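Taking it in order: structure first as structure tokens, then the write-up.
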Amino acid sequence: MTTPDLDLVRELDRERTYHQTCRTALTGMVDDAAQQVVTGENAFASGADAEVLGRHLRSRAKELRLEPDSPLFFGRLDFDGAAGDHSRQSYHIGRRRISEHPSAPPLVVDWRAPVSRAFYRASASDPQGVAVRRRFGWAPWSKGEPEDLTSLEDEHLAGPETEGGAAPTGAILTGEIERPRVGPMRDIAATIQPEQDELVRSELARSVCVQGAPGTGKTAVGLHRAAYLLYTYPQRIQRAGLLILGPNRTFLAYISEVLPALGEIGVRQSTVRDEIARHPVRTEDSDAAAAVKHDARMAEVLRRALYGRVSRPVEPLTVPDGSYQWRLGVEELAGIVDTVRAEAPPYATGRERVRSRAVRALQLQAERRAGPRSALWARKVSTSRGVTAYLDRVWPRTTPEEVLAVLLADPEAPGGPCDGILDPAEQRAVRRPRRGVPSARTARTLPWSAADLVLLDELAGLIERPEGYGHVVVDEAQDLSPMECRAIARRAEFGSLTVLGDLAQGTTPWAARSWPRLLAHLGRPEAAVVPLTVGFRVPGAVVELANRLLGALDVDVPPSRSLRSDGELTVRQVDELVPAVVRTVRAALAHEGSVGVIADAPEADRLRTALTAAGIATATADELGTTAARVTVLAASAAKGLEYDHVVLVEPAAIAGAEARGLHRLYVALTRAVSRLDIVHHLPLPGELGQPPDGR
């Protein structure tokens, strides 16, 4: 064994021993957290203080207890002598801080700590005081056993290079990026690139939009920014909350393990539909009706419908007080209503302002005549029959369901809320005839569509402002309608947003064609749009093929490029589709990793049956992470946001022709492969793809 080899072995042994020390320290942290819960329960403090302390300690103990078994560090920084406070210091970088005692120097530094920034940003041209950046190579799916540390790689950024035993620069990083995808998405803390790190570490007050081409890591950036904000601004985020919004539950299942792996648990991960689900969806709209209901103009229609219930007083208000009656004239009452309307508070708040100001006017009148009145007197007048009846006439109570039911029962009413906003055809499209006039009670029992829920949420926000979040991460944002954007904006009114998406992957009828317009609907027109165009996930040949579609997608998106020259792309035109797909899947199973079979919905059902009959275990997209089957058969409509090592894409022409935005759907399906893409087709390929060389 040569001297460099011996040096490498010795260095690996030292790092394995250090890792074992870190593991022992982490075990001590877990035990100590459990003991603190017991101690905290017996703490002498006020009830509220004890509850807060107990909740904090239990959360900390749970967080450490749920720490996944995995390597405790993935990198190391060795600073040179000119690095200020870090001069001659060495830090191991991992997913969480580990120390032998809370006041002791850390054995492992959290990847989010300020000193860790250099691990992602330092370069030969800007070493940032780093002499050596070390990356560690762990066996795939390692749980952190010492023997799983198989390699290390040193990158000398300052000072003379030493012989050591460093692996070729970039080998470990490349291997980690290209590791097979099996099961849910994993974190990228070890592989964050400088342009990604800049987005991840954006300050809390800054809203940012990431236009990310396939494979550029935009979803990972959003999740890691969430973890960074939770670490950097714990009190502000915990007080206001953090919300992750994905396009569907399959996608949420796919990303569900990322934040726990980074040490963050209890973060709400949801969909827009789940957030606004006041009622179950029990009916469907026509395409024309859904398009109108998701249009931004509906916000003004709904505002008119709600505030159209407010009317100016037509008779005085009289309130008996013993043998005397206090009286407010019509003009004074009208002035109160007009002033409150001009202030534009939420509808429910406006009603209470009208009540309190009318009562205050009565109180002033009474005090001028008979002296001061008590708070009890004011409360009695406020709830009197006369004041309540007056309010019900000029600013009546209502519910979102009642307002929407009345609106949809007669949207064509002359001078009604739709007049001058929706054209006659649009008014007819949303009309839903009812028997009788809907009331607040009967409206709740009506069957509501998915688009109706968006409108009900808008009305609910007009009536009473919802509680918001300190930060909201929105993935696949390009598919949001203007009205869905408004629902998100209400929940982030006093917080910030991370908006993630790709205009080229927009597949809904209302998908965005430009980011500025969508950001305006989200209430963040000032948010910077940052493009990510360099991919690490999708092989270069696949990216080149997908880029051929961009010209036909009617969006201003630059072509992406991949740093990967590996990967395989095969295109086969066959006479019999199903047998060819079965053979292709069998061949794919000879390789390591996951296999995704993507087709249009009817074909996906047929292929699932054929593969099962051939003895190949399959799963659906909804079964992600709940089955051992390596093969997932899914419709192209369910593929967004997912990734597979080997993709078998079946009949691209059928996917492209299945819907108005079929080419966008095909663009999504083409870019799900991490290592290999097999295109199997019988029909000619869509012309936009050109004619890649076929293989048999």
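Values below: every heavy atom of this structure, side chains too, minus hydrogens, waters and symmetry copies. Keep in mind that this is a model prediction, so the values were computed, not measured.
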Taking 4.0 angstrom as the limit, do [X] and [Y] come out as a salt bridge?
| X | Y | result |
| --- | --- | --- |
| D7 | R10 | yes |
| R95 | D187 | yes |
| E526 | R206 | no |
| E155 | R133 | yes |
| D479 | K640 | yes |
| R14 | E11 | yes |
| E15 | R76 | yes |
| E264 | R112 | yes |
| E147 | R16 | no |

Is the side chain of [X] donor-acceptor paired with the backbone N or O of [Y] at a distance under 3.5 Å, no angle test?
| X | Y | result |
| --- | --- | --- |
| H156 | A131 | no |
| S142 | D148 | no |
| D645 | V674 | no |
| T632 | G596 | no |
| S87 | A83 | no |
| Q478 | G501 | no |
| R672 | V668 | yes |
| S202 | L199 | yes |
| R491 | A487 | yes |
| R225 | A220 | no |

[X] side chain near [Y] side chain, heavy-atom distance below 4.5 Å:
| X | Y | result |
| --- | --- | --- |
| R268 | E275 | yes |
| L204 | R236 | yes |
| R676 | H591 | yes |
| V474 | L500 | no |
| L26 | L72 | yes |
| P525 | L519 | no |
| S560 | V534 | no |

Would you give the length of the straight line joining atom [atom1] of [X] to atom [atom2] of [Y], rounded to the nearest 0.5 angstrom?
| X | Y | atom1 | atom2 | answer |
| --- | --- | --- | --- | --- |
| R561 | T533 | CZ | OG1 | 6.5 Å |
| I98 | T21 | CD1 | OG1 | 11.0 Å |
| R97 | L107 | CZ | CG | 9.0 Å |
| T219 | R537 | OG1 | CZ | 9.0 Å |
| S151 | R135 | OG | CZ | 12.0 Å |
| H521 | C485 | NE2 | SG | 6.5 Å |

What are the two closest heavy atoms between [X] and [Y], and how far apart are they?
| X | Y | result |
| --- | --- | --- |
| F73 | W138 | O-NE1, 3.1 Å |
| V499 | A477 | CG1-CB, 3.4 Å |
| P539 | A673 | CD-O, 3.5 Å |
| V115 | L77 | O-CD1, 3.6 Å |
| F251 | D475 | CZ-OD2, 3.0 Å |
| G215 | V538 | CA-CG2, 4.1 Å |

Could you go through F119 and D197, starting from their C-alpha distance and side-chain angles, then the distance that decides it, and tell me whether this counts as side chain to side chain contact (heavy atoms under 4.5 Å, CB included)? CA-CA 10 Å; F119 185 77; D197 187 66; over 6 Å; no
How are the rings of Y18 and H92 set to each other: parallel, tilted or perpendicular (split at 30° and 60°)? parallel
Please tell me whether [X] and [Y] have a donor and an acceptor in their side chains that are separated by less than 3.5 angstrom.
| X | Y | answer |
| --- | --- | --- |
| T498 | H471 | yes |
| E198 | Q196 | no |
| E203 | Y233 | no |
| D274 | T271 | yes |

May I have the step-by-step check of side chain to side chain contact (heavy atoms under 4.5 Å, CB included) for Q269 and R249, ending in yes or no? CA-CA 9 Å; Q269 301 188 29; R249 292 180 181 175; over 6 Å; no
ring-ring contact (aromatic ring centres under 6.0 Å, His included) contacts touching residues 186-228 (sequence neighbours left out): W111-H224
Side chain to side chain contact (heavy atoms under 4.5 Å, CB included) between Q211 and L503: does it pass, once the steps are laid out? CA-CA 7 Å; Q211 160 57 47; L503 297 178; 3.6 Å; yes
Matching residue for L497 among V473, L245, V208, V472 - test: side chain to side chain contact (heavy atoms under 4.5 Å, CB included): V472
Looking at Y644, is R630 sitting on its ring face, NZ or CZ under 6.0 Å from the six-membered ring centre and within 45 degrees of the normal? no
Please report the C-alpha distance between R96 and D110 in whole Å, then the side-chain angles of each, then the deciding distance to 0.1 Å, and finally whether the salt bridge (charged side-chain N to carboxylate O under 4.0 Å, His left out) criterion is met. CA-CA 4 Å; R96 73 154 55 249; D110 194 297; over 6 Å; no
Does the side chain to side chain contact (heavy atoms under 4.5 Å, CB included) test come out yes or no for L262 and L230, once each step is laid out? CA-CA 11 Å; L262 296 172; L230 286 162; over 6 Å; no
Apply salt bridge (charged side-chain N to carboxylate O under 4.0 Å, His left out) to E493 and R465, showing your working. CA-CA 10 Å; E493 184 173 1; R465 188 170 285 121; 3.3 Å; yes
Taking the six-membered ring for Trp and the full ring for Phe, Tyr or His, determine whether the centres of H86 and Y91 are under 6.0 Å apart. yes
More than 12 heavy atoms of other residues, nucleotides or ligands under 6.0 Å from CZ of R273: is that the case? no
Could you work out, with side-chain contact (heavy atoms from CB on, under 4.5 Å) as the rule, every residue matching E195, not counting sequence neighbours? Q193, L532, F536
